[in-house]
Amino acid sequence: MALLEVKNLNKIYEVGLFVRRQIHAVKSINFSVERGEIVSLVGESGSGKTTTAKMILRLEKPTSGDIIVEGINVWKDIKTVEDKKNYYRKVHAVFQDPFASYNQFYPIDRILHQALRLIDVDPNNPKSKELIEEALIHVGLEPKNILGKYPHQLSGGEKQRIMIARCWLLKPSLIIADEPVSMIDASTRGGIIKLFENLRDETGTSIIFITHDMGLAYYISNRIFIMYKGEIVEEGTPDDIISNPKHDYTKNLIGSIPTLYKKWEDIGELETRV
Ligand SMILES: Nc1ncnc2c1ncn2[C@@H]1O[C@H](COP(=O)(O)OP(=O)(O)OP(=O)(O)O)[C@@H](O)[C@H]1O
Ligand SMILES: [Mg+2]
């Protein structure tokens, strides 16, 4: 059985105050994620990637369809506070702006303590300090340089590393990483991507990686799903997609992968097409 199964999933938003209008953000998509697999959802802005992630994370209710994680129907079987707590032990999010949803006046320690509470480790337990330090070291951070600081005292790369340290503490079955490196400079990006890979290799977690960047998806994924206007228009292994793209939109995405030292005048028509 796959770790995650998404079946016939739809999301229609109703917008407008006086004149109501419907936006079909996600259109009958189907996909699955196996244990230990890294899959990427790749698509242009507005193609429905984040909406899909939010429905899996129980932040947006689907209009129709099913999401099944480890045999549990996420919108039908999760009812009690305990069910929700169990679910968020298993499924974890890493967002583009990692601390947007956290109180800026709470030190980093508190964010990591919250994660420990989810796995029933009391922050006063001496073991908690050990676990936190170990997790920070796993993601290349020096605990004494991080603990006691506030979010505004950290760089973007450090913040994202802390989010990955949180994953080390929780060891979730599934991580949904929505544009986790798009606000980080290119030289730090590779290190962060490597941390996701290490986490998968050592804990067996599955990862859904959401990105606009086909080059990144090619590097990190076992399988890629291409989203276009709310639909999954193509799927395959990175080599399948790159060597034999079927959809015009996929061809454009591949054309947009930057090539080092390529001169402007050498860029073909496909790559410059908007
Ligand atoms: N709360 C909402 N109410 C109405 N429409 C919404 C809402 N959230 C998203 N949408 C619309 O749904 C569509 C899909 O949005 P979504 O955020 O999933 O795209 P995305 O693929 O994540 O784009 P990006 O790459 O820019 O993050 C867009 O047309 C967007 O305007
Ligand atoms: Mg998005």
Side-chain angles (χ1 to χ4, degrees), residues 4 6-31 33 38-67 74-75 91-102 156 159-160 163-164 174-186 189 192-193 196 207-221 223-236 238 241 245 247-258 273-274:
L4 165 75
V6 169
K7 296 180 182 169
N8 252 322
L9 191 65
N10 280 281
K11 178 70 188 178
I12 299 174
Y13 289 110
E14 298 268 350
V15 293
L17 262 187
F18 300 110
V19 182
R20 302 290 282 169
R21 193 163 63 85
Q22 290 193 331
I23 294 176
H24 205 156
V26 173
K27 295 179 190 159
S28 300
I29 62 167
N30 291 282
F31 69 95
V33 179
I38 301 184
V39 305
S40 290
L41 292 184
V42 185
E44 66 185 356
S45 193
S47 57
K49 306 179 300 294
T50 297
T51 306
T52 303
K54 283 182 175 169
M55 290 191 278
I56 300 170
L57 288 162
R58 295 189 92 260
L59 301 172
E60 287 280 4
K61 196 171 192 306
T63 308
S64 63
D66 292 293
I67 299 166
V74 170
W75 284 96
V91 179
H92 195 77
V94 177
F95 290 117
Q96 180 179 27
D97 183 2
F99 283 74
S101 56
Y102 286 101
K159 286 184 195 171
Q160 213 51 294
M163 285 296 118
I164 303 172
L174 175 66
I175 296 168
I176 302 183
D178 190 351
E179 307 272 7
V181 292
S182 52
M183 274 164 70
I184 293 170
D185 75 278
R189 209 175 279 169
I192 305 273
I193 294 294
F196 279 107
I207 304 177
I208 298 179
F209 199 80
I210 294 178
T211 181
H212 298 100
D213 184 340
M214 190 67 164
L216 208 59
Y218 178 76
Y219 171 73
I220 197 174
S221 319
R223 274 187 305 150
I224 296 176
F225 298 96
I226 308 285
M227 284 193 81
Y228 184 66
K229 296 189 174 166
E231 292 179 75
I232 292 180
V233 292
E234 191 158 350
E235 64 175 271
I241 299 250
H247 198 275
D248 277 349
Y249 174 63
T250 315
K251 291 177 191 160
N252 275 353
L253 273 177
I254 295 167
S256 69
I257 300 174
R273 206 161 66 201
V274 185

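Both ligands and their constituent atoms are indexed starting at 1 by order of listing.
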Backbone N/O of E44 and side chain of Y249: donor-acceptor pair under 3.5 Å: yes
Consider every N or O of G48 and every N or O of ligand 1, then say whether any pair is closer than 3.5 Å. yes
For atom 12 (O) of ligand 1, grab the closest protein heavy atom and report residue, atom and distance to one decimal in Å. A25 CB, 3.3 Å
Atom 22 (O) of ligand 1 sits nearest the protein heavy atom T50 OG1, 2.7 Å
Of all the atoms in ligand 1, which lie at a distance below 4.0 Å from a heavy atom belonging to H212? 25 (O)
F196 side chain reached by I38 side chain, heavy atoms, under 4.5 Å: no
Quick one: closest heavy-atom pair of E231 and K27, and the distance? CG-CB, 3.7 Å
Please check if the side chain of K49 supplies one atom and the backbone of M227 the other of a donor-acceptor pair under 3.5 Å. no
Would you say I241 and Y218 make side-chain contact, with heavy atoms under 4.5 Å? no
Hey, does the side chain of R21 reach the backbone of G16 with a donor-acceptor pair shorter than 3.5 angstrom? no
Would you check whether E44 reaches within less than 4.0 Å of ligand 1, judged by its heavy atoms? yes
I need the nearest protein heavy-atom contact for atom 26 (O) of ligand 1: residue, atom name and distance, please. S45 OG, 2.5 Å
For I208 and L174, what are the C-alpha separation, side-chain angles and deciding distance, and is it a side-chain contact (heavy atoms from CB on, under 4.5 Å)? CA-CA 8 Å; I208 298 179; L174 175 66; 3.9 Å; yes
Flag the pair I29 / F225 as yes when at least one side-chain heavy-atom distance between them is below 4.5 Å, and no otherwise. no
Heavy atom to atom 11 (C) of ligand 1, shortest distance: which of I23, V42, T211, L41 holds it? I23
Of all protein heavy atoms, the one nearest atom 14 (C) of ligand 1 is G46 O, 3.5 Å
Could you check if a side-chain atom of S47 sits within less than 4.5 angstrom of a side-chain atom of Y228, using non-hydrogen atoms only? no
Of all the heavy atoms in S47, does at least one lie under 4.0 Å from an atom in ligand 1? yes
Quick check against the 3.5 Å criterion: does Q160 have a side-chain atom that pairs as donor or acceptor with the backbone of D97? no
Starting at NE2 of H92, measure out to CD1 of I176 and round the result to the nearest 0.5 Å. 10.5 Å
Ignoring waters, how many protein N/O/S atoms are under 2.8 Å from the Mg ion (ligand 2)? 1
Just to confirm my output: which protein heavy-atom neighbour is closest to atom 21 (O) of ligand 1, and how far is it? K49 NZ, 2.8 Å
Would you mind running through ligand 1 and noting each atom that sits below 4.0 Å from a heavy atom of V15? 4 (C)
T51 heavy atoms within 4.0 Å reach ligand 1 at atoms 14 (C), 15 (O), 16 (P), 18 (O)
Count the heavy atoms of every other residue, nucleotide or ligand shown that sit under 6.0 Å from CZ of R20, and state whether that count exceeds 12. yes
Suppose we measure from atom 9 (C) of ligand 1 to each protein heavy atom; which comes out shortest, and what is that distance? Y13 CE1, 3.5 Å
